[in-house]
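Below is one structure; the comments refer to it alone.
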Amino acid sequence: MRTDYCGKLKKDDLDRDVTLCGWVHRRRDHGGLIFIDLRDVSGLVQIVFDPERSGEVHTIGHSLRPEDVLQIKGKVAPRPAETVNPDLATGEVEINVAAVDVLNRSETPPFSVEERGDVDDNLRLKYRYIDLRREEMLDNLLLRHRVSRSARKFLDNNNFTEVETPVLTKSTPEGARDFLVPSRLQPKKFYALPQSPQLFKQLLMISGLDRYYQFAHAFRDEDLRADRQPEHTQVDMEMSFMSEAGIMGLLEDLMLVLFDEVLGVALEKPFPVMTYDEAILRYGSDKPDLRFDLPVVDASAIFRGSEFAVFSRALSDGGTVRAIRAPGAGRFTRREIDEHTDFALSQGAKGLAYLIIKEGLEVQSPIAKFLSREELSQVLDATAAEAGDIIFFVADTVDVAVEVLGALRPRLAAELELVEPGWSFLWVTDFPMFKLDADSGQIAAEHHPFTLPTAETVAFLEDEPLKVRGNLYDLVLNGVEIASGGLRIHKPELQRRILAILGHEDHQMERDFGFLLEALKYGAPPHGGLAFGLDRLVMLMAGLSTIRDVIAFPKTQSGGCPLTGAPAIVDVRQLKELKIRQ
RNA sequence: GGGGGCGUAGCUCAGUCGGUUUAGAGCGCCGGCCUGUCACGCCGGAGGUCGCGGGUUCGAGUCCCGUCGCUCCCGCCA
């Protein structure tokens with residue numbers, strides 16, 4: 001139907017007779033000459049309807065409206081020098097329309113394809129096919145495609161085999177809430193949609209596949225966030241006979257290739273590495289954003305026995321006083337400081353103390369009168385604070401103090417414009433194997449129960465499980481967790497011990513994980529792997545703040561699809577077939 | 001489950017302490033004029049269940065209660 005794409009035409013094409021197809025983007029009707037920007041996937045080109053060339057064609061041109069679909073034939077012509085548009089890739093040429101075929105008319109769209117600024121999310125999703133016509137959204141899909149293509153090529157070059165694993169699978173008690181699918185052939189039983197292909201990829205290693213990958217959809221029935229959807233895409237990998245360092249190095253190579261091929265950015269490897277404990281203590285987060293420093297400082301030693309009871313009491317109760325220096329925050333208004341206090345309270349702190357540092361290192365603060373000269377000078381020393389800064393304090397248990405300041409950290413950096421542009425990768429390693437579940441008081445897996453404990457800590461398994469570290473590594477980019485992986489257990493005895501610590505009785509173990517325990521008996525190789533979140537990575541590469549904008553048809557925060565109406569009530573007949581209703 | 005923000009024309013928004021008339025603006029839409037525009041320009045016009053339901057009041061877009069939708073966050077989760 002066409003000879004060329006609109007956005008590709010250049011001076012090289014002058015005098016060629018071309019046939020183009022596309023949408024009316026904009027129309028500038030001068031009564032005589034009519035200019036239309038014709039749009040297809042490649043971009044825009046100006047087409048010209050001249051009444052002196054053909055009255056009939058010109059009349060059609062006059063009737064055209066945005067989003068009408070055209071096929072046009074015409075000659076590529078140079079634009080008069082003074083009318084060249086340097087803002088348009090095709091701005092040196094235009095098409096003199098000789099014939100036009102209106103392939104389809106469009107009603108006035110509910111919002112404009114050339115709309116600048118935000119449109120209501122619900123409306124965008126209801127008319128997603130129009131939303132995706134917008135240049136920015138189309139670019140996002142094309143970027144995602146280029147990332148996928150580069151990743152596939154890299155994995156293929158590195159001897160990975162793509163294997164599809166089931167979407168209808170078995171619910172397991174660990175991890176997130178499952179999406180369930182009722183079975184018709186086996187009434188009252190349910191499949192679960194996979195939270196990840198974790199066990200299948202381990203089984204593929206036991207199958208001797210050596211290296212596996214898959215662009216896997218992962219489903220989790222939990223509440224949504226800007227960076228969380230009920231289904232997301234993982235680029236899932238697993239390898240046999242590989243060390244932790246080998247697996248991490250391979251993902252670094254993959255990231256280098258992606259950033260080079262897709263963005264033309266040269267990353268440097270190896271990426272910095274930090275243990276989980278370091279990350280938590282220094283930055284109050286297991287995914288710290290290192291585009292800025294703002295470390296959390298331990299001020300406990302300074303305030304032991306302080307007259308300021310809030311601090312000294314927290315310390316005598318076995319807690320801590322932690323501080324963070326906010327450079328230049330002295331210009332914060334009282335109201336802005338209060339907002340940070342409210343945020344700290346929302347994160348679980350009992351309060352947020354602060355010192356405003358004035359010229360000559362004088363201190364202004366509601367708590368200053370409780371602090372000695374000596375304490376103040378030591379705090380200024382410990383935080384390297386200067387005039388114009390604020391030092392924020394949280395006195396609490398170590399966990400709370402560090403996490404509250406860790407949550408405050410990126411907010412301060414953003415407000416104080418301390419975020420350096422760039423790509424800050426960071427490996428966080430040596431995660432704990434287990435955590436104490438706050439509600440039940442039970443031991444729970446930090447990642448999942450198939451992780452290989454480190455050789456140094458495996459001895460603590462039965463007596464002090466919270467001391468046990470896993471061979472686990474997360475890759476963080478600009479404060480966003482984009483990949484997560486680890487070495488897996490390949491011996492059935494150890495796998496049983498881990499499950500037992502997590503409270504699984506023998507019969508539950510057999511029921512839930514019997515197939516894995518069985519498979520591990522038959523020569524399972526040492527193996528490990530990781531998965532990176534394609535949506536999040538593409539979001540960051542596109543400079544966006546929500547993965548919805550890199551997913552063609554995402555869900556709203558309440559899990560709905562305004563376009564299709566999913567989820568929806570189903571016919572009673574269907575429920576009867578499933579034996580869910582009589 | 002909890003906290004915050006938003007909901008007024010097709011879109012994006014303004015609407016003051018509850019009372020100035022018929023709820024406005026920009027864009028879009030419709031009609032007219034216009035032969036070098038490119039966010040074309042000029043003239044004219046249409047377009048409103050102020051999300052929905054109650055309540056308070058002489059009077060509600062504005063206040064109160066409930067509810068629905070979108071969104072950000074906590075919990076949860078990756």
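Reminder, nothing fancy here: chain letters follow the sequence lines and each chain counts from 1. In this text the structure is predicted, and so the values were computed from the model without any measurement.
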Scan [X] against the nucleic acid and name what it touches under 4.0 Å (heavy atoms): base, sugar-phosphate only, or nothing.
X: A:E94; answer: base
X: A:P110; answer: sugar-phosphate
X: A:D87; answer: nothing
X: A:I34; answer: nothing

Could you pull out all residues at least two apart from [X] that satisfy side-chain contact (heavy atoms from CB on, under 4.5 Å)?
X: A:R177; value: A:D221, A:E222
X: A:D13; value: A:L9, A:K10, A:R16, A:V76
X: A:T556; value: A:N122, A:L125, A:S558, A:P562

Exercise. With a cut-off of 6.0 Å (strictly less than), are more than 12 heavy atoms of other residues, nucleotides or ligands near NZ of A:K126?
Worked result: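 Counting neighbours around NZ of A:K126, 12 or fewer heavy atoms of other residues, nucleotides or ligands fall under 6.0 Å, so no.
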
For this session: Kindly state each residue pair satisfying side-chain hydrogen bond (donor to acceptor under 3.5 Å, both in side chains) with at least one member in residues 399-413 of chain A, sequence neighbours excluded.
Result: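 For residues 399-413 of chain A, and leaving out neighbouring residues, there are no side-chain hydrogen bond (donor to acceptor under 3.5 Å, both in side chains) pairs at all.
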
Exercise. Under 6.0 Å between ring centres, would you say that holds for A:F332 and A:H340?
Worked result: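 Yes, close enough.
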
Exercise. Can the ring centroids of A:F259 and A:F425 be said to lie less than 6.0 angstrom from one another?
Worked result: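 Centroid separation for A:F259 and A:F425: below 6.0 Å.
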
Exercise. Which of residues 64-79 of chain A sit near RNA chain B, with a heavy atom under 4.0 Å from it?
Worked result: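 Here the set is A:R65, A:P66, A:R79.
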
Scan every strand shown for a Watson-Crick or G-U wobble partner of [N], both distances under 3.5 Å, and answer none if you come up empty.
N: B:G18; result: none
N: B:C27; result: B:G10
N: B:C70; result: B:G5

For this session: May I ask you to establish whether A:R322 and A:F393 are in a cation-pi arrangement, using a distance under 6.0 Å from NZ or CZ to the six-membered ring centre and at most 45° from the ring axis?
Result: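 Ring-cation test returns no.
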
Exercise. Looking only at side chains, do A:S196 and A:Q234 share a donor and an acceptor under 3.5 Å apart?
Worked result: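 Short answer, no.
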
For this session: Could you say whether the aromatic ring of A:H30 and the base of B:C40 stack, counting only centre distances under 5.5 Å and plane angles under 30°?
Result: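 Here A:H30 meets both the 5.5 Å and the 30° conditions.
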
Problem set entry | Ring-on-base stacking B:C11 with A:F111 (under 5.5 Å, under 30°) |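 A:F111 vs B:C11: stacking no.
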
Exercise. Under 4.0 Å between a side-chain N or O of A:R28 and OP1 or OP2 of B:U37?
Worked result: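 For B:U37, neither OP1 nor OP2 has a side-chain N or O of A:R28 closer than 4.0 Å.
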
Exercise. Between A:R26 and B:U37, is there a side-chain N or O to OP1/OP2 distance below 4.0 Å?
Worked result: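 So the side chain of A:R26 is outside the cut-off, no N or O lying under 4.0 Å from OP1 or OP2 of B:U37.
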
For this session: Would you list the pairs meeting salt bridge (charged side-chain N to carboxylate O under 4.0 Å, His left out) in which at least one residue belongs to residues 192-201 of chain A, sequence neighbours left out?
Result: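 Residue pairs with at least one partner in residues 192-201 of chain A: A:K201-A:D236, A:K201-A:E238.
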
Problem set entry | Footprint string (nucleotides 3-9 of chain B, 5' to 3'): B base within contact, S backbone only, - free, heavy atoms under 4.0 Å | -------

For this session: Encode nucleotides 70-78 of chain B as B, S and - characters from 5' to 3', where the letter depends on protein heavy atoms closer than 4.0 Å: B to the base, S only to sugar-phosphate, - to neither.
Result: SBBSBBBBB

For this session: Provide the distance between the two C1' atoms, one in B:G59 and one in B:G10, to the nearest whole Å.
Result: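 The answer is 32 Å between these two C1' atoms.
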
For this session: Considering only atom P, compute the distance from B:C34 to B:A46 and round it to an integer number of Å.
Result: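 B:C34 and B:A46 have their P atoms separated by 24 Å.
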
For this session: For A:F35, enumerate each residue passing the ring pair (Phe, Tyr, Trp, His ring centres under 6.0 Å) test, keeping only those at least two apart in sequence or located in another chain.
Result: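 If we apply the ring pair (Phe, Tyr, Trp, His ring centres under 6.0 Å) test to A:F35, skipping adjacent residues, the hits are A:H30.
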
Problem set entry | A:H447: partners by ring pair (Phe, Tyr, Trp, His ring centres under 6.0 Å), with sequence neighbours left out |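 Checked A:H447 against ring pair (Phe, Tyr, Trp, His ring centres under 6.0 Å); matches are A:F431.
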
Problem set entry | Non-neighbouring partners of A:H58 that pass side chain to side chain donor-acceptor pair (under 3.5 Å), sequence neighbours left out |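 So A:H58 forms no side chain to side chain donor-acceptor pair (under 3.5 Å) with any residue.
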
Considering only nitrogen or oxygen atoms on both sides, find all protein atoms under 3.5 Å from nucleotides 42-46 of chain B and state each distance.
none

